[in-house]
Amino acid sequence: MSGSTRRTGHSGRDALHTAGQAPAGPPPRPVVAALMLGMALAALDSTIIATAVPQIVGDLGGFAVFSWLFSGYLLAVTVTLPVYGKLSDTFGRRPILITGIVLFLAGSLACAGAWNMAALIAFRVVQGLGGGALQGTVQTIAADLYPMRDRPRIQARLSSVWAASSVAGPALGGLLAAGAGWRWIFLINVPVGAVALWLIVRHFAEPQRSPERSAARPRVDWPGALAIFATGGLLLTALVQGGVAWAWCSAPSLLLFAGSALGAALTVLIERRAAEPIIPGWVWRRRTISAVNLSLGALGLLMVAPTVFLPTYAQAVLGLGPTAAGFVLSVMTLSWPVSAALSSHVYNRLGIRSCAVLGIAAAGLILLAFPLLPYPGAAWQPALIMLALGAALGLFQLPLIIGVQSSVGYPERGTATASILFCRQVGQSLGAALFGALANATLNDRLAQAPSGIRPGLPDDLDAVSRALEHPGALTAHATDYLRRAVDTTVDHVYLGAAAAAALALTALLVLAPRRFPVHADVRAAGEGEPGGT
């Protein structure tokens, strides 16, 4: 049993209450509603701006930097996840969640009143500072409120809310921008967030903290928090903007990567000396957590293939409109929550690691099947693959999150949860950079091999190719078919890369993860343990 299973020195029901164990009865419905509203807010604002960019740029200008409306929010969410995780363990979940909602609402109101693009980007970063608290703390509170056997149910609900909000975001953003105006994209957050805030303040009471922790003065590693924020910001800026705003081998990219490497070294030095480090060493020393961190980082890498490149494939190769292309992707969000909700029946029999191994192995095979689709094929074929992929990933991700949350006690759960969400976000940013480079290299190779008769008029990058295929009137039939086949080959290679990411996740589980996930003493005292498996 790892260090995460030490006993607290209390016994019985009072010990569980003191340690923050889930109560015997069901959680209050208003609190569950508040968690789902908070998750909806964080998910909506990651996608809702996508279809409103033309209206925003037309009003405020700043076309050259509009991508920072997405990057700034993503950066702020990602780099604050580990900080909020540690703060929620130090000060409790309630104040951190309230702070996150207030920051998010303040950022939303400021975005609605932005007077130019620079101001809007800055206020989106404020939104992201609140979004980081929402994502991590909501997941942690859900684990606090529900015992291990019931966590698949609440996590599946949260996954459903996230999926539905992410898919609905672009459509809702387009409707609001075209109808009421783009500023209502941010104003709509205010009543939703206000309800969530009122429900948390009114109905959510945290369990009593242990006398030792209550008497101790909280110590916060602010230098470590600043170092993590700076290091993560430099690294993610390099990954998000490299190959877009500047070339990968240009001075800005090299300086950012060098700065992030120096920042990482400085962070390690600070965290080793800190009494209460933001990212404690046990996050990586415990095999359970380190294996899950690496596996979910690979999941973030993998997810870039369907979320970023499948819509391009559906429109450029299959000739679908934006709505139909979105449906091809969205079917994955139908099977994922259902599979996650049912995953407990699998890991109750096989164990958490075996269930996750089954899910990611199946996902790898499904990703390998994508390049085997016929050209040009029919829309139902990639949709069927996405449906199967969602079912496989539901068996993979949720058991691992539950396993990590159950392997630690209340005082460590926020940090552990934030670490796995942080690794998933970093993996997604890394995947966007790697697969973007792979896609551009493949497409450039195909364009260089184009017949000489059509080569002079061909576009020179994936975005330009996609736009040309949306309006193929200027292209010959031969050139159009060649470009479609080039995009088909490009996306096939990306899916092979995603299958390699699945293999990395599988390797991390088989090599690092214990055959049986350890269960913390608080959970065992409630009569629970990891069922199934050997």
Side-chain angles (χ1 to χ4, degrees), residues 30 33-63 65-78 80 84 96-138 158 160-204 322-323 326:
L35 296 181
M36 297 177 76
L37 287 174
M39 187 63 75
L41 283 174
L44 268 176
D45 271 72
S46 63
T47 60
I48 196 170
I49 287 186
T51 48
V53 166
Q55 289 83 357
I56 295 174
V57 171
D59 191 10
L60 301 181
F63 178 79
V65 295
F66 81 87
S67 64
W68 277 99
L69 292 176
F70 309 94
S71 302
Y73 182 84
L74 173 66
L75 285 170
V77 168
T78 303
T80 55
Y84 284 128
I96 301 305
L97 183 56
I98 290 174
T99 299
I101 296 175
V102 170
L103 269 175
F104 191 89
L105 294 181
S108 298
L109 285 171
C111 285
W115 54 91
N116 59 31
M117 184 62 76
L120 183 57
I121 290 171
F123 298 144
R124 279 284 284 171
V125 172
V126 175
Q127 263 194 318
L129 296 177
L134 286 172
Q135 280 195 36
T137 313
V138 164
L158 293 175
S160 299
V161 169
W162 182 275
S165 299
S166 298
V167 171
L172 180 59
L175 288 173
L176 289 173
W182 65 265
R183 297 181 190 273
W184 280 93
I185 289 174
F186 304 104
L187 290 175
I188 197 174
N189 293 332
V190 176
V192 178
V195 171
L197 182 61
W198 181 80
L199 291 173
I200 290 295
V201 171
R202 180 73 183 272
H203 296 283
F204 180 49
T323 302

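These numbers come from a predicted model, not from an experiment.
To the nearest 0.5 angstrom, Leu134 atom CG is 11.5 Å from Ile96 atom CD1. Atom CZ of Arg183 sits about 9.5 Å away from atom CD1 of Ile56, to the nearest 0.5 Å. Here the CG-CD1 distance, from Asn189 to Ile101, works out to 12.0 Å after rounding to the nearest 0.5 Å. In this structure, CG in Leu37 is found 11.5 Å from CG in Leu197, a value given to the nearest 0.5 Å. Here Met117 contributes atom CE and Leu69 contributes atom CG; the two are 5.0 Å apart, rounded to the nearest 0.5 Å. Note: Arg124 CZ to Leu74 CG = 10.0 Å, rounded to the nearest 0.5 Å.
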>> As a quick check of understanding, evaluate side-chain contact (heavy atoms from CB on, under 4.5 Å) for Val125 and Leu75, giving each step before the final call.
In response: CA-CA 8 Å; Val125 172; Leu75 285 170; over 6 Å; no
>> Working note: Leu129 + Tyr84, criterion side-chain contact (heavy atoms from CB on, under 4.5 Å); need CA distance, chi angles, decisive distance, verdict.
In response: CA-CA 10 Å; Leu129 296 177; Tyr84 284 128; 4.2 Å; yes
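Surrounding CG of Leu158 are more than 12 heavy atoms belonging to other residues, nucleotides or ligands, all under 6.0 Å away.
The two atoms that bring Trp182 and Gln55 nearest to each other are CD1-O, 4.0 Å, heavy atoms only. Minimum interatomic distance between Leu35 and Val138 (heavy atoms only, all atoms of both residues): O-CG1, 3.7 Å. Heavy atoms only, all atoms of each residue included: Leu109 and Leu187 are closest at CD2-CD2, 4.1 Å. Contact detail for Thr80 and Gly128: the closest heavy-atom pair is OG1-O, 4.2 Å. In terms of heavy-atom proximity, Leu199 sits nearest to Pro30 at CD1-O, 3.6 Å. A pairwise comparison of heavy atoms in Gly100 and Ala133 identifies CA-CB, 3.5 Å as the closest pair.
Side chains of Gln127 and Cys111 form a contact here, defined as non-hydrogen atoms less than 4.5 Å apart.
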